[in-house]
Amino acid sequence: EVQLVESGGGLVQAGGSLRLSCAASGFSFEAHAIGWFRQAPGKEREREAVSVISSSDDANTYYARSVKGRFTISRDNAKSTVYLQMNSLKPEDTAVYYCAASTFTMATLEGFYNYWGQGTQVTVSS
């Protein structure tokens, strides 16, 4: 059974930090790019990933303009886990964060992702 399980969300003050984890099982983790997407309250899930880490050994990364310089994505293939370190959080970062897996090396749009987690809530207070 394919599973992606997010954890690490919570309530934090503006300027604070959180580290999200995405634990994967049931598929060839190393062969998949992993992306983080988010859905703000009252809005649809954003079609473009917040951040992506590629499936290649050199682990190329992508960051949306809104989070570049504040978020860092990494992966531990031995643990089949991807992390999203979020620093300098802003109230506009408040959302449910989803991780997803794609067979495309560096896909940034949700349509290229075929496995999804259930999400973890991140709330940033001002």
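Keep in mind the model is a prediction, meaning the values are calculated, not measured.
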Taking every heavy atom of N87 against every heavy atom of S17, the minimum-distance pair comes out as OD1-OG, 2.9 Å

Parallel, tilted or perpendicular: which fits the ring planes of F104 and F112, with parallel below 30° and perpendicular above 60°? perpendicular

Taking the side chain as every heavy atom from C-beta outward, state whether I34 and F29 have any pair of such atoms under 4.5 Å apart. yes

Under 3.5 Å, which donor-acceptor pairs link side chains of residues 2-11 to any protein atom two or more places apart or in another chain?
| unit_1 | atom_1 | unit_2 | atom_2 | d |
| --- | --- | --- | --- | --- |
| E6 | OE1 | Q118 | N | 3.1 |
| E6 | OE1 | G119 | N | 2.9 |
| E6 | OE2 | C99 | N | 2.9 |
| E6 | OE2 | G119 | N | 3.2 |

Can you find a heavy atom in the side chain of S66 that is under 4.5 Å from one in the side chain of R38? yes

I need the minimum non-hydrogen distance between S55 and A33, along with the two atoms involved. CB-N, 3.6 Å

Heavy atoms of A14 and S126 approach each other most closely as CB-CA, 4.3 Å

Contact check, side chains of R70 and D93, non-hydrogen atoms, under 4.5 Å: yes

If you define the side chain from C-beta out and look only at heavy atoms, does anything of R75 sit under 4.5 Å from I73? no

L109-V67 co-clustered via ILVMFWY side chain contacts under 4.5 Å: no

Joint cluster assignment, L89 & L84, ILVMFWY side-chain distance < 4.5 Å: yes

Any idea which heavy atoms bring A95 and P41 closest together, and the distance? CA-CD, 4.5 Å

Qualifying residues under salt bridge (Lys or Arg N to Asp or Glu O under 4.0 Å), relative to R19, sequence neighbours excluded: none

If two hydrophobic side chains count as joined below 4.5 Å and joins carry through other members, does V124 share a cluster with L18? yes

Same cluster (ILVMFWY, side-chain, under 4.5 Å), M106 and F27: no

Taking S51 for the side chain and Y62 for the main chain, is one N or O donor matched with an acceptor at less than 3.5 Å? yes

Are H32 and T103 close enough that some pair of their side-chain heavy atoms sits under 4.5 Å apart? yes

Show me the pairs that pass salt bridge (charged side-chain N to carboxylate O under 4.0 Å, His left out) and involve residues 99-117, at least two apart or across chains. R45-E110

Quick one: closest heavy-atom pair of W36 and C22, and the distance? CZ2-CB, 3.6 Å

Return the orientation label for the W116 and F37 ring planes: parallel under 30°, perpendicular over 60°, tilted otherwise. tilted

Same cluster or not: F71 versus V12, using hydrophobic residues (I, L, V, M, F, W, Y) connected whenever any side-chain heavy atoms lie under 4.5 Å apart? yes

